[in-house]
Amino acid sequence: MKRQEKIAALIGDILIPILGFFLWHWSIYFICLFFLLDQLSREVSHLFRMRYLKSRFQIRPISYLLNILIFIGFVTMVHVYNYMLHPTINFEREMTAFFWYKDTGIPQGFILFPLVIFSERMRFKMNMKQFSDEMHVQSWQNHAIQLLSYFVLFLMLSLELTMFSMSKTVSFSCLIFGFTCITLFADKLRAFFPR
């Protein structure tokens, strides 16, 4: 991951959740929904990019399957973690509240969803123009490794919640520390991901 991308990821994945939690009193699940929306847009973008480039280089079908399974596992673990944190959570109600949340007088779902799609579309176009074939493969591998790292992070946090009683602030701090480590160091594991 390039330095500029890491800085942008640190702002989006770390600074905004910190501000949301401490200043705007967002719940951890609310922050996780923002994060999941961003990861979903990246997942779809990477899949489209790899399908678009399949005539230029070969990616084994097992890589596609592995990536999708990791993504499903990651989404599942996010929900397990939030359930362990709040056993009475109603996911449907929380998702509805997330979509209809009004910060600017307009439900954020009507702003956030098009904005995420637009920004990922712009990133897709930029990457298609600037990336070499090898850079596309590296980006694909980095994305898969990050998803796997997020899966492991939420699994570990869920296991910790079964063994220890943690306050929301301590749990959130562990989550942000994990996000920071993944953003800074996950791309170092690329050599272990099958092409």
Side-chain angles (χ1 to χ4, degrees), residues 1-54 64 67-79 81-82 89-131 135-136 138-151 153-154 172 175-176 179-180 182-183 186-187:
M1 191 185 293
K2 293 179 182 176
R3 188 170 178 226
Q4 299 94 331
E5 289 178 358
K6 283 190 178 184
I7 291 169
L10 284 170
I11 291 169
D13 296 345
I14 287 79
L15 182 60
I16 292 174
I18 288 172
L19 292 173
F21 186 80
F22 291 108
L23 266 135
W24 304 312
H25 307 290
W26 292 348
S27 70
I28 292 177
Y29 187 62
F30 194 91
I31 291 165
C32 286
L33 286 174
F34 268 112
F35 184 68
L36 284 173
L37 182 61
D38 185 47
Q39 293 302 314
L40 176 62
S41 70
R42 290 181 191 183
E43 176 71 7
V44 171
S45 178
H46 274 92
L47 287 172
F48 271 113
R49 193 176 350 155
M50 292 300 104
R51 298 283 292 167
Y52 185 77
L53 297 169
K54 68 179 180 180
Y64 287 109
N67 198 70
I68 291 167
L69 290 175
I70 291 170
F71 185 79
I72 292 168
F74 154 66
V75 171
T76 302
M77 284 315 305
V78 168
H79 286 84
Y81 163 71
N82 278 280
I89 192 168
N90 182 323
F91 290 117
E92 184 180 345
R93 187 174 63 227
E94 294 294 323
M95 287 179 197
T96 301
F98 174 79
F99 184 90
W100 293 103
Y101 177 75
K102 291 182 183 179
D103 192 31
T104 59
I106 302 169
Q108 75 175 359
F110 292 116
I111 298 169
L112 189 60
F113 283 78
L115 186 62
V116 167
I117 292 167
F118 174 76
S119 65
E120 199 55 48
R121 179 73 180 148
M122 294 304 293
R123 186 190 333 226
F124 177 88
K125 286 183 174 181
M126 183 182 69
N127 290 348
M128 292 304 290
K129 287 178 184 175
Q130 296 179 350
F131 279 20
M135 289 169 75
H136 283 296
Q138 287 177 4
S139 177
W140 164 262
Q141 290 174 328
N142 288 344
H143 173 68
I145 290 164
Q146 278 190 324
L147 284 178
L148 184 58
S149 300
Y150 289 131
F151 169 82
L153 171 65
F154 281 100
F172 176 75
L175 181 64
I176 290 299
F179 280 0
T180 304
I182 290 168
T183 300
D187 58 340

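Predicted, not measured: the structure shown is a model, and the values here were computed from it. Because only heavy atoms are used, hydrogens play no part in the values below, and waters and symmetry mates are left out as well, while side chains stay in.
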Candidate pair Leu153 and Phe179, rule side-chain contact (heavy atoms from CB on, under 4.5 Å), full reasoning: CA-CA 8 Å; Leu153 171 65; Phe179 280 0; 3.7 Å; yes

side-chain contact (heavy atoms from CB on, under 4.5 Å) assessment of Gln108 paired with Phe34: CA-CA 11 Å; Gln108 75 175 359; Phe34 268 112; 3.3 Å; yes

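Taking both residues in full, the closest heavy atoms of Pro114 and Gly109 are given as CD-O, 3.7 Å, listed atom of the first, atom of the second, then distance. Contact detail for Glu94 and Ser27: the closest heavy-atom pair is OE1-OG, 4.4 Å. Between Gln146 and Thr183 the shortest heavy-atom distance is NE2-CA, 4.3 Å. When all heavy atoms of Leu175 and Cys32 are compared, the closest pair comes out as CD2-SG, 4.4 Å. Of all heavy-atom pairs spanning Val75 and Leu36, the tightest one is CG2-CD2, 3.9 Å.
Taking Arg121 as the reference, nothing meets the salt bridge (Lys or Arg N to Asp or Glu O under 4.0 Å) condition, with sequence neighbours excluded. For Glu43, the side-chain hydrogen bond (donor to acceptor under 3.5 Å, both in side chains) partners at least two apart in sequence or on another chain are Asn67, His143. Remark: Glu120 engages Arg123 in a salt bridge (Lys or Arg N to Asp or Glu O under 4.0 Å) (not counting sequence neighbours).
Residues Phe71 and Leu40 are in side-chain contact: their nearest non-hydrogen atoms beyond the backbone lie under 4.5 Å apart. When side chains are defined from C-beta on, Phe21 does not count as touching Ile176, because their heavy atoms never get closer than 4.5 Å. Side-chain contact between Tyr29 and His79: present, with at least one pair of heavy atoms (C-beta onward) separated by less than 4.5 Å. Considering only heavy atoms from C-beta on, Phe118 comes within 4.5 Å of Met122 through its side chain. With contacts defined as side-chain heavy-atom distances shorter than 4.5 Å, the pair Phe151/Leu69 does not qualify.
The structure places CG of Leu37 at 5.0 Å from CG of Leu112, a figure rounded to the nearest 0.5 Å. Taken to the nearest 0.5 Å, the CD1 atom of Ile28 stands 10.0 Å off from the CD1 atom of Ile89. Interatomic distance, CH2 of Trp26 versus OH of Tyr101, reported as 7.0 Å (0.5 Å rounding). The CG atom of Leu147 lies 11.0 Å from the CD1 atom of Ile68; values are rounded to the nearest 0.5 Å. For the atom pair CG of Leu47 and OH of Tyr64, the computed distance is 7.5 Å after rounding to the nearest 0.5 Å. Atoms NZ and CH2, on Lys102 and Trp100 in that order, are 8.0 Å from each other to the nearest 0.5 Å.
More than 12 heavy atoms of other residues, nucleotides or ligands sit less than 6.0 Å from atom CZ of Phe99.
Screening His46, Arg49, Gln141 for a side-chain hydrogen bond (donor to acceptor under 3.5 Å, both in side chains) involving His136 leaves a single residue, Arg49. The one candidate from Phe30, Phe35, Phe91 that meets the ring-ring contact (aromatic ring centres under 6.0 Å, His included) condition with Phe98 is Phe30.
Listed for the Ser139 side chain is no donor-acceptor partner under 3.5 Å among the backbone atoms of Met135.
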